[in-house]
Q: 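This is the structure I want to talk about, given as structure tokens.
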Amino acid sequence: MLQLPLGFEIASLIALVLILAADLFLAYKRPHVPSVKEATLWVVFYVVLALVFAGLMLIFADGEHAGQFLAGWLTEYSLSIDNLFVFIVIMSRFSVPKRYQQEALMVGIIIALVLRGIFIVVGAQLIETLSWIFYIFGAFLLFTAWRQAFGHEDEGDGENGLVKFLRKRIALSPDFDGAKVRTTLGGKRVWTPMIIVFIALGSTDLLFALDSIPAIFGITQSPFIVFTANVFALMGLRQLYFLLGGLLEKLVYLKYGISFILAFIGVKLVLHALHENEVFFINGGHPIEWAPDIGTWTSLAVIVGAMAVATIASLLRMRADTRRSRTPTPSSSRTR
């Protein structure tokens with residue numbers, strides 16, 4: 001496995017923690033609904049920051065590391081867009097005041113990062129000791145890709161099992177008290193619905209990690225690159241939520257682009273597992289030489305291409321639908 005300089009990894013993690021802390025502080029000190037301009041500037045800032053990080057990786061390591069990070073970041077970023085649909089449902093389900101949604105999203109993302117960090121460590125250990133795990137990851141991603149493209153979407157009511165369990169076990173106030181998680185009600189300290197929102201956002205995002213973490217391990221086996229790609233993908237998610245808003249529902253072909261990426265990485269994982277095969281009942285436990293190992297830059301090109309095609313196709317569909325809605329029907333023309 002390729003190694004990055006230890007000093008670069010430590011400095012990067014410290015810098016990312018400081019950026020996340022500053023972002024959380026700003027969201028807490030100035031709760032508001034960001035304008036389109038503000039949200040756009042923040043999204044651009046985080047995208048540029050990710051590109052700068054890739055450039056530093058190129059300088060301090062090599063092009064392979066930089067390419068793995070870019071491919072991993074773009075994969076996680078595209079998959080995290082799926083999260084936004086669920087975030088919208090959760091905010092609506094709990095009637096979170098708009099001016100406090102920034103803080104709710106930020107705390108939910110921090111919780112998700114901590115949980116994903118644990119998930120990444122476990123995944124890295126599995127890959128280190130069980131090479132056949134790639135077969136399982138690949139099959140799971142292929143199934144997820146099929147479900148994403150052709151399965152019936154069920155957004156539910158925004159509550160998962162953990163949230164429903166907590167509702168029955170803790171005392172909750174009926175209303176929000178700003179962004180506080182604790183408040184006084186009738187002289188008694190109780191939790192506010194904000195604690196449920198935080199947990200719903202964090203735990204729901206962890207469920208999405210079941211798709212995204214195996215996907216990025218199909219691009220790189222470096223836990224550091226996997227984690228930093230997740231951090232950069234999630235850091236801009238809060239601003240993207242406010243920037244895209246209702247536009248998400250109109251990007252009708254986006255799910256097919258995401259599905260194609262998952263399927264591609266699933267195939268890549270299976271091919272990699274065949275190339276490194278140690279499973280005794282497949283080719284007698286020997287590697288299968290003809291199985292190609294798809295390179296990082298090929299993966300990057302496929303990921304960018306899939307998202308570009310899906311986005312452009314969605315925008316063209318939106319444009320066609322808008323024209324159709326503005327074109328008067330023959331019956332309406334006669335009426336006038």
Side-chain angles (χ1 to χ4, degrees), residues 39-40 43-44 46-47 50-51 54 67-89 116 137-155 204-205 207-220 226 229-230 232-271 294-322:
T40 302
V43 169
V44 170
Y46 281 123
V47 168
L51 295 175
Q68 287 182 3
F69 170 77
L70 282 174
W73 168 62
L74 286 172
T75 298
E76 293 299 311
Y77 205 69
S78 60
L79 293 176
S80 68
I81 292 174
D82 243 13
N83 297 32
L84 296 182
F85 289 101
V86 180
F87 287 175
I88 291 169
V89 173
R116 283 191 183 209
F137 281 179
F140 178 72
L141 288 179
L142 288 170
F143 168 73
T144 304
W146 179 87
R147 188 184 60 186
Q148 171 85 13
F150 306 110
H152 297 291
E153 295 183 13
D154 181 16
E155 293 177 336
T204 300
D205 188 85
L207 295 177
F208 278 95
L210 293 174
D211 299 340
S212 64
I213 299 300
I216 192 173
F217 269 122
I219 295 169
T220 177
V226 172
N230 271 273
F232 277 103
L234 290 175
M235 276 199 305
L237 200 58
R238 175 169 58 90
Q239 289 80 13
L240 202 61
Y241 170 87
F242 291 100
L243 178 61
L244 296 182
L247 180 62
L248 282 174
E249 296 179 1
K250 298 178 182 179
L251 296 176
V252 292
Y253 297 120
L254 194 61
K255 69 174 185 176
Y256 296 109
I258 294 172
S259 175
F260 182 83
I261 291 171
L262 288 173
F264 168 77
I265 298 176
V267 170
K268 180 182 177 182
L269 281 172
V270 172
L271 289 173
I294 300 173
T296 299
W297 294 101
T298 301
S299 300
L300 181 59
V302 170
I303 292 163
V304 172
M307 289 309 295
V309 169
T311 303
I312 292 170
S314 297
L315 293 174
L316 291 174
R317 169 72 178 271
M318 284 171 55
R319 186 176 178 183
D321 289 345
T322 301

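For reference, positions follow the sequence shown, starting with 1.
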Q: Look only at the side chain of T220 and the backbone of Q68, and say whether a donor-acceptor pair between them is shorter than 3.5 Å.
A: no
Q: Check step by step if side chain to side chain contact (heavy atoms under 4.5 Å, CB included) holds for L142 and L269.
A: CA-CA 10 Å; L142 288 170; L269 281 172; over 6 Å; no
Q: Applying side chain to side chain contact (heavy atoms under 4.5 Å, CB included) to L262 and L79, what does each step give before you reach the verdict?
A: CA-CA 9 Å; L262 288 173; L79 293 176; 3.9 Å; yes
Q: Any side-chain heavy atom of I213 sitting closer than 4.5 Å to one from N230?
A: yes
Q: How close do K255 and V252 get, heavy atom to heavy atom, and via which atoms?
A: CG-O, 4.2 Å
Q: I want to check something: taking the side chain as every heavy atom from C-beta on, are L234 and R116 in contact at a cut-off of under 4.5 Å?
A: yes
Q: Using the test side-chain hydrogen bond (donor to acceptor under 3.5 Å, both in side chains), find all partners of S259 that sit at least two apart in sequence or belong to another chain.
A: none
Q: Do R319 and L315 have side chains that get closer than 4.5 Å, going by heavy atoms?
A: no
Q: In terms of the angle between their ring planes, are F69 and F232 parallel, tilted or perpendicular, with boundaries placed at 30° and 60°?
A: perpendicular
Q: Going by heavy atoms in the side chains, are W73 and I216 under 4.5 Å from each other?
A: no
Q: When rounded to the nearest 0.5 angstrom, what is the spacing between CD1 in I219 and OG1 in T75?
A: 3.0 Å
Q: Say you draw a straight line from OG1 of T322 to CE of M318; how long is it, rounded to the nearest 0.5 Å?
A: 6.5 Å
Q: How far does CG of L141 sit from CD1 of I265, to the nearest 0.5 angstrom?
A: 7.0 Å
Q: Is there a side-chain contact between L237 and Y77 (heavy atoms, below 4.5 Å)?
A: no
Q: Angle class for the F264/F260 ring planes (parallel below 30°, perpendicular above 60°, tilted otherwise)?
A: parallel
Q: Atom CD1 of I258 and atom OG1 of T144: how far apart are they, to the nearest 0.5 Å?
A: 12.5 Å
Q: Can you find a pair of side-chain heavy atoms, one from I261 and one from L74, that are under 4.5 Å apart?
A: no
Q: Considering residues at least two apart in sequence or located in another chain, which fulfil the side-chain hydrogen bond (donor to acceptor under 3.5 Å, both in side chains) criterion with Y46?
A: D23
Q: If you compare all heavy atoms of A263 against all heavy atoms of A145, which two are closest, and at what distance to 0.1 Å?
A: N-CB, 3.6 Å
Q: Mind checking whether F143 and F140 have parallel, tilted or perpendicular rings, split at 30° and 60°?
A: tilted
Q: For residues L254 and M307, determine if any side-chain heavy atom of one lies less than 4.5 Å from a side-chain heavy atom of the other.
A: yes
Q: Ignoring hydrogens and geometry, is there a side-chain-to-backbone donor-acceptor pair from K268 to S299 under 3.5 Å?
A: no
Q: Would you say L51 and L70 make side-chain contact, with heavy atoms under 4.5 Å?
A: yes
